[in-house]
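Here's the structure, in structure tokens; my notes come after.
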Amino acid sequence: AQWDSFDVGADVTSGYVVRVAESFGWVNPATERYDWDDSVPVDNREPPAAKAETDTKAEAKAKAKAEAARKKSFVYQDAGAFLDLPEDAVRLDYVIERILPREHVCQLVAQGGSGKTLLGLNAAVSVATGRDFLSMGTKRGDVLFVDPEVHPTVIKRRVRDICSARGVTREELGGRFTYLNLRGQTHTLSDIGRNVRARYEEGQGYDLIIIDSINAVMEGDENSSGDMREFVSRMQTLTSETHAALLMMHHTGKGPTAASGYRGRGSSVLVLDGPDTCIELARLRVEEGTGAWELLRRYDKRRRDGAEVR
């Protein structure tokens, strides 16, 4: 009977509801910690004490997740068990023979305007079709080419020209070559990594990821060994979590060095210690109608040599 007599003639605000409830004997436990106001309509606002408790729980959950990830990163193994592994378990799975296996990082270093993008697109077409790349065999697979710098129209023209020159048809590409243009957007390697990992978890993974170039997705100061150590770690994490090979294009410094031709810009952590393989495009000659690269110099951490690839 009391509820049936409830008068809703006035605007139903938080203060109005409280006063009606108090007229029926309800005692408000939040009076001292929450200021009920006639001007604020009824909503689901959370009292400050409850919000603080929620924040504390969220922080605790985040800390627990971080601690679990830290513990997971330390995996102790019995090295003696390696002796019983089959040959396939200890053989690298090369996407591009001799230079780039899965879960590895290859860095291609060259001066601006020397043809890095054209070379990267050729690598993409080669892997997507299973054709040779610079006389090196490839394993056919899905390729993602990330372009944060060049206008998409330029890339479209270059892909058409490359495929025309090499006699590659759309049917042969078979939908294995994906192009992602990020020109005009501000995205870091971490942003790209999160997006690619999400696609991988949805069953849309890649065998080869090409990013042109490192400078456009850089995080931190390229001359800081600490910043570059974290950046290199993100590159390695991306490859291990998606099981892809990663080809990163990088610009040279201001001039050649006697030891290695054209050295990449930034800390040695980025240009020497970071990549598993470093290809230095020491000199480039593009012959009209052929697109031939005369010389590539390779530094391979797995071999510790400076073998040349022609």
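Inspection of the Ser164 and Asp161 side chains reveals no N or O donor paired with an N or O acceptor under 3.5 Å.
Look at Lys139 and Asp93 and you find a salt bridge, because one of the NZ, NE, NH1 or NH2 atoms lies within 4.0 Å of a carboxylate O, short of that distance. Salt-bridge formation is detected for the pair Arg234/Glu230: a Lys NZ or Arg NE/NH1/NH2 atom is positioned less than 4.0 Å from an Asp or Glu carboxylate oxygen. In this structure, Arg91 pairs ionically with Asp88, as a charged nitrogen and a carboxylate oxygen lie closer than 4.0 Å.
At least one side-chain heavy atom of Thr117 sits under 4.5 Å from a side-chain heavy atom of Phe145. Contact check for Leu119 versus Phe133: side-chain heavy atoms found under the 4.5 Å cut-off. Looking at heavy atoms from C-beta onward, Val146 lies out of side-chain contact with Val217 at the 4.5 angstrom threshold. For the pair Asp227 and Glu219, the minimum side-chain heavy-atom distance is 4.5 Å or more.
The closest donor-acceptor contact from the side chain of Asn195 to the backbone of Ile192 lies at 3.5 Å or more, if one exists at all. A donor-acceptor pair under 3.5 Å is formed between the side chain of Ser126 and the backbone N or O of Asn122. Remark: side-chain polar atoms of Asp207 are paired, donor with acceptor, to backbone N or O of Asp142 under 3.5 angstrom. With Asp276 contributing its side chain and Ile99 its backbone, the two residues share no donor-acceptor pair below 3.5 Å. Within the 3.5 Å criterion, the main-chain N or O of Ala128 finds a donor-acceptor partner in the side chain of Arg140. Using modelled atom types, no side-chain atom of Asp212 and backbone atom of Met249 make a donor-acceptor pair closer than 3.5 Å.
The shortest heavy-atom contact between Met136 and Glu97 is SD-O, 3.4 Å. Heavy atoms only, all atoms of each residue included: Gly130 and Thr138 are closest at C-OG1, 3.2 Å. The nearest pair of heavy atoms linking Met248 to Val105 is CG-CG1, 4.3 Å. Arg183 and Pro152 make their closest contact through CD-CD, 4.4 Å (heavy atoms, listed as atom of the first residue, atom of the second, distance). Residues Ser213 and Pro148 share a closest heavy-atom pair of N-CD, 4.0 Å. The nearest pair of heavy atoms linking Leu238 to Arg197 is CA-NH1, 4.1 Å.
The OH atom of Tyr179 sits 8.5 Å away from the CG atom of Leu121 when rounded to the nearest 0.5 Å. The distance from the CG atom of Leu247 to the CD1 atom of Ile210 is 5.0 Å, given to the nearest 0.5 Å. His250 contributes atom NE2, which lies 6.0 Å from atom CD of Glu222 (distance to the nearest 0.5 angstrom). For the atom pair CG of Leu180 and CG of Asp147, the computed distance is 8.5 Å after rounding to the nearest 0.5 Å. Interatomic distance, CE of Met228 versus CE of Met235, reported as 8.5 Å (0.5 Å rounding). Interatomic distance, Glu241 CD to Glu103 CD, rounded to the nearest 0.5 Å: 10.5 Å.
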Exercise for review: Using the side-chain contact (heavy atoms from CB on, under 4.5 Å) rule, take Val143 and Arg176 through it: C-alpha gap first, then chi angles, then the decisive distance, then the call.
Suggested key: CA-CA 6 Å; Val143 183; Arg176 292 180 177 272; 6.0 Å; no
Exercise for review: Take Cys163 and Leu173 through the side-chain contact (heavy atoms from CB on, under 4.5 Å) test and state the conclusion after the steps.
Suggested key: CA-CA 9 Å; Cys163 289; Leu173 284 175; 4.2 Å; yes
Exercise for review: Begin with the C-alpha distance, continue with both residues' side-chain angles, and end with the deciding distance and a verdict on side-chain hydrogen bond (donor to acceptor under 3.5 Å, both in side chains) for Arg199 and Thr242.
Suggested key: CA-CA 9 Å; Arg199 289 176 64 87; Thr242 62; over 6 Å; no
**Study point:** Full working for side-chain hydrogen bond (donor to acceptor under 3.5 Å, both in side chains) between Asp132 and Ser135
**Key:** CA-CA 5 Å; Asp132 285 358; Ser135 302; over 6 Å; no
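Tested against Gln107 for a side-chain contact (heavy atoms from CB on, under 4.5 Å), the candidates Ile279, Ile214, Thr277 yield a single pass: Ile214.
Annotation for Arg166: atom CZ counts as buried by contact number, over 12 foreign heavy atoms lying within 6.0 Å.
In the hydrophobic clustering of ILVMFWY residues, with side-chain heavy atoms under 4.5 Å counting as a link, Tyr200 and Leu189 come out apart.
The hydrophobic cluster around Leu85 extends to Phe82, Val90, counting ILVMFWY residues whose side-chain heavy atoms fall within less than 4.5 Å of a member.
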